[in-house]
Amino acid sequence: MSSKPIGIFDSGVGGLSIWKEIRDQLPYESTIYLSDSKHAPYGPKGQKAIIDLSIKNTEWLIDRGCKLIVVACNTATTNAIDQLRIKFSVPFIGIEPAIKPAALQSKTKTIGVLATEGTLSSNLFHKTSELYLNDLSLIEQIGDGIVELIEHGKLNSSEMRDLLIKYLRPMIKAKIDYLVLGCTHYHFLKPILEELLPKNISIIDSSQAVARQTKSVLQLCKLSNNKALKSESRFYTNGEQAVISDLLKSENVTLKKIEF
Ligand code: DGL
């Protein structure tokens, strides 16, 4: 048993979708969330830069006593998780675009994935896709500009709608029946996507699966918290506080600005 916190990091607010699932599925666990908004977006950066930022984020969380790290970012997971596992001894949980469930359920044999350039160009993404695609077609779309709009509080803007209409058009034309959200920021787009997509297209988002995996790794490593102890959630950002505090406004948590 361990009362130490779970560390969670992302290039910004995207990983909050995963934090919420962890809080719901593991209410006895304390968490420390690091939003590296100052360096967002990670997507267009090269692999070396993504690895360096991921190492820096992990060191920061481990210095604060975290017992397990959730890489709540597809771009960081697909580019850096192997190196993180080599460098640090704590367990890591990552998130990758959920190609497997989409491929297994697709009837039109065509699925779409919306993700960052860094994720779609990574070796890990290619390896996973090859495993499950077989005779299926995968329509890949880089979500250029989406993370920036979310980080600047323009989630429900007309610019966002225009971008999404442009990105979804080729997928709808190709008759996808599943759209995989391959970036944790895109979780917050679900209401708009549901409005823009034809009803026969289902959206796949893996935040619940990441929380389930976190729970089973904590149990396996005997790192779960003693349920009698009180848990707390702490948030740190090196960017603007407005967007993150807006997304957390109904939560009883602490948010601090840091230089990092
Ligand atoms: N939330 C990150 C992801 O899941 C966004 C990456 C970015 O900063 O471009 O990939």
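One-based numbering, in listed order, for ligands and for the atoms of each.
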Closest contact, heavy atoms only, Ile50 versus Lys45: CD1-O, 3.5 Å

What protein heavy atom sits nearest atom 9 (O) of ligand 1, and how far off is it? Gly43 N, 2.8 Å

Before giving the answer on side-chain contact (heavy atoms from CB on, under 4.5 Å), spell out for His39 and Lys56 the whole-Å C-alpha distance, their side-chain angles and the decisive distance to 0.1 Å. CA-CA 12 Å; His39 300 109; Lys56 202 168 146 217; 3.9 Å; yes

Proximal ligand 1 atoms for Thr75, defined as those under 4.0 Å from one of its heavy atoms: 3 (C), 6 (C), 10 (O)

Looking only at N/O atoms, are Thr184 and ligand 1 under 3.5 Å apart anywhere? yes

Quick one: are the ring centres of Phe235 and Trp19 less than 6.0 Å apart? yes

List every atom of ligand 1 that sits less than 4.0 Å from any heavy atom of Asp10, numbering the atoms from 1 in the order shown and giving each element. 1 (N), 2 (C)

According to a hydrophobic-cluster definition based on side-chain heavy atoms being under 4.5 Å apart (Ile, Leu, Val, Met, Phe, Trp, Tyr only), do Leu16 and Ile150 belong together? yes

Please list, in number order, the atoms of ligand 1 under 4.0 Å from a heavy atom of Tyr42. 7 (C), 8 (O), 9 (O)

Does a side-chain N-to-carboxylate-O contact under 4.0 Å join Glu232 and Arg234? yes

Enumerate the atoms of ligand 1 whose separation from the nearest heavy atom of Asn74 is less than 4.0 angstrom. 3 (C), 4 (O), 10 (O)

Is the shortest side-chain N to carboxylate O distance from Lys215 to Glu29 below 4.0 Å? no

Judging by distance only, is a nitrogen or oxygen of Ala40 under 3.5 angstrom from one on ligand 1? no

Counting each atom of ligand 1 from 1 as listed, which ones have a heavy atom of Thr116 under 4.0 Å away? 6 (C), 9 (O), 10 (O)

